Protein chains: 2
Amino acid sequence: MANDYSLDRIDRKILRHLQDEARLTNQALASRIALSPSACLARVRRLEALGIIQGYHARLDPFCVDVGLVLFVEITLEGRAPDEQARFEGVLSATPEIVEASHVSGRIDYLLKIVVRNMQHWTELREALVGGDYGVGSVTTHVLMDKPKVFKGYPVAERHADR
Amino acid sequence: MANDYSLDRIDRKILRHLQDEARLTNQALASRIALSPSACLARVRRLEALGIIQGYHARLDPFCVDVGLVLFVEITLEGRAPDEQARFEGVLSATPEIVEASHVSGRIDYLLKIVVRNMQHWTELREALVGGDYGVGSVTTHVLMDKPKVFKGYPVAERHADR
DNA sequence: TGTGAAATCGATCCTTA
DNA sequence: TAAGGATCGATTTCACA
């Protein structure tokens, strides 16, 4: 896992196509990569089973579904012991407004992506996070204004290159 | 646009399901929401045409596809005039390693998600960004260590609530 | 907007190479 | 691993409510 020595050029083409258009039919995918549908399907199933493909998701316009503000929130914890991290990570799962959480090295501990209806909603949620005894030290908020580049997938090279 | 007054409960169910499992067949989706396949398909097409569904993407394990490091990079620009922003945003499109870019308010101007093979790759890319006369003032890097919550979509409520 | 029927097309399995 | 063919299921369109 977490490597790619088993991915040949065909697997990489499959990944590029499905990253871009996850609802392609197996037949359409097969013809784009010049493979028979049966062989193509077997490869897709294998990529799923290996955990290389982890899911398929529709990308929605957040502002169409009750989201008024998207926030990037930097969190530092008061302490970095494993149990303090576990305590904080418990909140992450329990809070639907936190849609993505990354544990990072550097000046901060966590970077969160949070969606709320409006500023009042964020004020309340922020107070719950800070005042909730989860070990949160500081909270720095950035409000998304626009998105010059939307995430649609990772670049997948033709072939593996170590450099 | 950027609102949701036209989404009824059925649309919201469709969005929830497709956000979670984009490769559901139309028939399976229809039976989950207790609608006929033809009516279901018409709704999905409408959601796509309205731009509420913006795409469908396979989610890959980045570390399986040449990514050695995922970085969150905070950028401040030297100036905030529209042409300075445009100059910087030009680099974003031209740089495949930058997989996501958000223009934010607050202490920083942009928050980037960047994928690189290794530290050396990042060193080179960083030097290109700072030294490339794109108006980049400061660059702060956070290295992703782990992801306690992976983005799989936004919470879509049963019904629209203003509060 | 939704349903149901009909025709076409696609997914999937199995056999053979 | 891949291809081809058979079978079964899904998509899509259309007439009607």
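The sequence lines fix the lettering, A, B, ..., with proteins before strands; numbering per chain opens at 1. None of these values were measured; they are calculated from a predicted model.
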Among residues 14-35 of chain A, which contact DNA chain D at a heavy-atom distance under 4.0 Å? Leu35(A)

Between the first and last five pairs of the helix from dT1(C)-dA17(D) to dA17(C)-dT1(D), the angle of the axes, rounded to 10 degrees: 30°

Is Arg126(A) paired with Glu97(A) through a side-chain N to carboxylate O contact shorter than 4.0 Å? no

So, Asp66(B) and Arg12(A), do they make that salt bridge, N to O below 4.0 Å? yes

If you take all heavy atoms of Ile108(A) and Thr76(A), which pair is closest and at what distance? CA-CG2, 3.8 Å

Set out, in order, the CA-CA distance, both residues' side-chain angles and the distance that settles salt bridge (Lys or Arg N to Asp or Glu O under 4.0 Å) for Arg43(B) and Asp8(B), then state yes or no. CA-CA 11 Å; Arg43(B) 279 173 178 269; Asp8(B) 62 14; 3.0 Å; yes

Tell me, please, which residues at least two apart from Glu84(A) pass salt bridge (charged side-chain N to carboxylate O under 4.0 Å, His left out). none

Residues that Arg32(B) engages under salt bridge (charged side-chain N to carboxylate O under 4.0 Å, His left out), provided they are two or more places apart: Glu21(B)

Considering only heavy atoms from C-beta outward, does the side chain of Asp109(B) approach that of Val104(B) to under 4.5 Å? no

Partner of His57(B) under side chain to side chain donor-acceptor pair (under 3.5 Å), picked from His57(A), Arg59(A), Arg23(A), is Arg59(A)

Less than 4.0 angstrom from a charged side-chain N to a carboxylate O is my criterion; do Arg107(B) and Glu74(A) meet it? yes

Mind running a 4.0 Å heavy-atom check of residues 37-45 of chain A against DNA chain D and sending the residues that fall below it, in number order? Ser38(A), Ala39(A), Arg43(A)

Pairs of donor and acceptor atoms involving the side chains of residues 145-153 of chain A, under 3.5 Å and at least two apart or interchain, shall be tabulated with distances.
from, atom 1, to, atom 2, distance (Å)
Asp146(A), OD1, His103(B), ND1, 3.2
Lys147(A), NZ, Glu100(B), OE2, 2.9
Lys147(A), NZ, Ser102(B), OG, 2.6
Lys149(A), NZ, Leu92(B), O, 2.7
Lys149(A), NZ, Thr95(B), O, 3.0
Lys149(A), NZ, Ile98(B), O, 2.9

